[in-house]
Amino acid sequence: MTAITPRPMSGFPELLPEQQIVFNRSLQIIRETFEAFGFAPIETPSVERKEVLTSKGGEEKEIYAISRMQSQPGEVGETEFALHFDLTVPFARYVAQHKDKLTFPFRRYQIQKVWRGERAQKGRYREFYQCDIDVIGRGSVSLFNDSEIPSIIYKIFDRMDIGAFVIRINNRRLLQGFFEAQGVAHGQIADVLRAVDRLDKTSRDTVFADLTKNLGLSEMQASAIMAMTAQSLPTDELLTQLSNGASYGNATYDQGLAELKTVVAGMRSLGVPEANFVIDPSVARGLGYYTGTVYETKLIDHADLGSICSGGRYEDLASFFTSEKLPGVGISIGLSRLMFALLERGVLPTGAQTVAPVLVTSMDPARMDYYLQTAAQLRSNGVGAEVFFDKKGLGDQLKYASKKGFKLALIAGADEFSTNSFKIKDMRTTTECTCLASDVTETVRQLLAE
RNA sequence: GUGCCUUUAGCUCAACGGCAGAGCGCCUGACUGUGGCUCAGGAGGUUGUGGGUUCGAAACCCAUAAGGCACCCCA
């Protein structure tokens, strides 16, 4: 029998237990925060019909189709299904399909893997987690949601303890109205938005050249756009500055500005610290379907990761699936990109290889019943415990406990049995104490609480 | 889809065209009632694959595959 050589698969990363534990902890924070804001969990199948996935102009070569390796002889093993490449398109289908059973405004969160058939590189995978929330309304959806979303982002990253971060906020109407006032042709606004969006990735000269040479704007237009989008001021000063510009006489601009002010006021009511958000007129969110508020979030010490959480407001979620207008606002956290980078950089230190805090050692194989009962008792009191089953010396058992990162080791041999007691060794401090067998659970709890 | 780089032990990497090596990790023992430290020993390789040049190739050439990076785009 020849062994199959295990090899890495590009773009399909995997973690060791001590890393996965850290990853899952972050996942838990995200889930709890979403639920604290009243978002309901849903999950859609990993696959959708091909026509659903391509409805919104999904790049076909980036979509993995699925098929059986072999069907009937001569039959092509193809199906009409493909793996979803994001969670928005399946969600749109879901809402359109179930809209008569859902209650609006519909708030849902969705944490699932998605797949993209791209060439992998740093921070870009072919299989990764997305954590999405969206609020969908029928006909309209309140602007207060736009304030609440940064509050959710703030709570999550604050709890995840991954260093300083800033939520950058902008409003697409503000940009669009400004571009219109500068005389940018209607059909070119999307292109200009895309060019501006690259401001934090490339040099200002490059963007300027892009605007003038590629998009054919005059130097005056380009200068005005650069000056407007490059503004960097404290929130209130910037809002004043933008209000002074209200003399553009453009209704879209004025609406965008008013929305921005409302969103900021709401964020302050929700207690989002000033240090964690900024109005950044250069945030445009590429092309996309965003129409109002847009968000990006960056780690200050890891700006090279790009936006780790972005989203915004859109006019219509499911225009391909229903004629009913379903506007919404939402964000997506690219958890895999974020976590893999932070684990690699040691920002999130890894610890134990187990989530159970207690190892019950077994010095006397004849008394395994006793060890098993003790572990069972710990578990039914909410304390995770593992029993060491193999016949090895105590030294080996403690070595095992040490390597895996158990916090406490329970020891019982002839000495302890004679006094009906247990010895508890704290692996972190190397200290030991002895307690009656009947007090084990309580003593363990106290030690773990320290 | 385009371009560049890389590939030698589980991992990180050495080896002038001339015997395939180190560190870390892993296993065993010192140590059958006490982990991390230390010491001693051990296992582990068709040098990604196929061809070519050469007396001789891990090294040079060609092809191919895989991996990585950048562009594009995005999380």
Side-chain angles (χ1 to χ4, degrees), chain A residues 2-3 5-13 16 30 57-63 84-88 110-132 153 194 197-198 201-202 206 284-288 290 295-299 302 304-311 330-342 344 352 359 361-365 367 388 390-418 422-434:
Chain A
T2 49
T5 309
R7 283 181 301 148
M9 288 173 290
S10 176
F12 293 88
L16 292 170
I30 292 171
E59 288 279 334
E60 287 199 34
K61 61 186 174 186
E62 291 189 1
I63 300 175
H84 58 216
F85 58 88
D86 76 357
L87 299 179
T88 304
Q110 201 171 344
I111 299 174
Q112 288 182 246
K113 277 184 174 175
V114 304
W115 294 268
R116 291 192 191 170
E118 311 175 275
R119 283 187 64 172
Q121 58 182 274
K122 191 203 292 287
R124 178 153 77 171
Y125 305 106
R126 301 203 278 193
E127 174 181 76
F128 57 95
Y129 272 100
Q130 282 196 328
C131 312
D132 281 26
I153 299 173
R194 279 181 70 181
D197 194 47
R198 297 176 54 77
K201 287 173 198 151
T202 59
T206 309
R285 290 274 72 223
L287 64 178
Y290 297 115
Y295 315 96
E296 284 191 357
T297 307
K298 282 196 166 182
L299 294 183
H302 304 276
D304 58 300
L305 292 182
S307 178
I308 56 173
C309 167
S310 32
I331 45 157
S332 176
I333 301 174
L335 190 63
S336 298
R337 166 184 287 185
L338 174 64
M339 293 300 291
F340 286 117
L342 295 182
E344 191 183 311
L359 179 73
T361 62
S362 54
M363 269 204 300
D364 185 353
R367 299 303 307 274
F388 194 95
D390 296 331
K391 200 174 171 182
K392 295 223 170 152
L394 184 60
D396 282 332
Q397 299 195 33
L398 290 175
K399 199 175 197 169
Y400 174 84
S402 180
K403 278 183 81 171
K404 275 213 175 170
F406 286 99
K407 295 185 175 75
L408 303 176
L410 299 196
I411 301 166
D415 296 349
E416 286 75 20
F417 290 130
S418 68
F422 246 115
K423 187 174 274 182
I424 304 176
K425 184 179 179 93
D426 192 320
M427 301 299 292
R428 301 164 293 186
T429 60
T430 78
T431 55
E432 293 182 347
C433 66
T434 304

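Convention: sequence-line order gives letters A, B, ...; per-chain numbering from 1.
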Grab the N/O contacts between the protein and nucleotides 34-37 of chain B below 3.5 Å, and write none if there aren't any.
from: B:U34; atom 1: O2; to: A:Lys425; atom 2: NZ; distance (Å): 2.9
from: B:U34; atom 1: O2; to: A:Glu432; atom 2: OE2; distance (Å): 2.8
from: B:U34; atom 1: N3; to: A:Glu432; atom 2: OE2; distance (Å): 2.5
from: B:U34; atom 1: O4; to: A:Lys423; atom 2: NZ; distance (Å): 3.0
from: B:G35; atom 1: N1; to: A:Met427; atom 2: O; distance (Å): 2.6
from: B:G35; atom 1: N2; to: A:Ser402; atom 2: OG; distance (Å): 3.4
from: B:G35; atom 1: N2; to: A:Met427; atom 2: O; distance (Å): 3.0
from: B:G35; atom 1: N3; to: A:Ser402; atom 2: OG; distance (Å): 3.3

How far does CZ of A:Phe422 sit from CZ of A:Phe417, to the nearest 0.5 angstrom? 6.5 Å
Quickly work out the A:Lys122 NZ to B:C74 P distance and round it to whole Å. 21 Å
Let me spell it out: for each of A:Gly393 and A:Ile333, pick the nucleotide of RNA chain B with the closest heavy atom. Which residue's pick is nearer the 5' end? A:Gly393
Any donor and acceptor pair, going by atom type alone, linking the side chain of A:Arg126 with main-chain N or O of A:Ser10 inside 3.5 Å? yes
Just to be sure I understand the rule, does A:Gln130 reach a base, reach only the sugar-phosphate, or reach nothing, if contact means heavy atoms closer than 4.0 Å? sugar-phosphate
Please confirm whether any donor atom in the side chain of A:Glu118 sits under 3.5 Å from an acceptor in the base of B:A75, or the reverse. yes
What contact category does A:Gly306 fall into here, base, sugar-phosphate, or nothing, at under 4.0 angstrom with non-hydrogen atoms? nothing
Looking only at the side chain of A:Lys392 (C-beta and beyond, no hydrogens), which of the listed nucleotides B:C72, B:G33, B:U28 gets closest? B:U28
A:Ile331 atom CD1 is separated from B:C74 atom P, nearest whole Å, by 18 Å
Quick one: does A:Arg116 reach the base of B:C73 with a side-chain donor-acceptor pair under 3.5 Å? no
Check whether the side chain of A:Arg124 and the base of B:A75 form a donor-acceptor pair under 3.5 Å. no
So which nucleotide from B:G33, B:A75, B:C73 ends up closest to the side chain of A:Arg194? B:C73
Distance check, P atoms only: B:G41 and B:C62, in whole angstrom units. 46 Å
When rounded to whole Å, the CG to P distance for the pair A:Asp304 and B:C69 reads 13 Å
Let me know the distance between CG of A:Leu16 and P of B:G10, rounded to the nearest Å. 16 Å
Gap in Å between the two P atoms, one belonging to B:A43 and one to B:U28, rounded: 15 Å
Please tell me if A:Arg198 has a side-chain N or O lying less than 4.0 Å from either OP1 or OP2 of B:C72. yes
I'd like the P distance from B:C19 over to B:G56, given in whole Å. 15 Å
Applying a 4.0 Å non-hydrogen cut-off, can you work out what A:Ala414 is touching in the nucleic acid: base, sugar-phosphate, or nothing? base
Reading RNA chain B 5' to 3', how would its secondary structure be written in dot-bracket notation, given Watson-Crick and G-U pairs with both distances under 3.5 Å, brackets [ ] for crossing pairs and | for partners on other strands? (((((((..((((....[..)))).(((((.......))))).....(((((..]....))))))))))))....
Using whole Å, report how far CG of A:Asp132 lies from C1' of B:C74. 13 Å
Out of B:G33, B:C74, B:C72, whichever nucleotide has its closest atom nearest the side chain of A:Gln121: B:C72
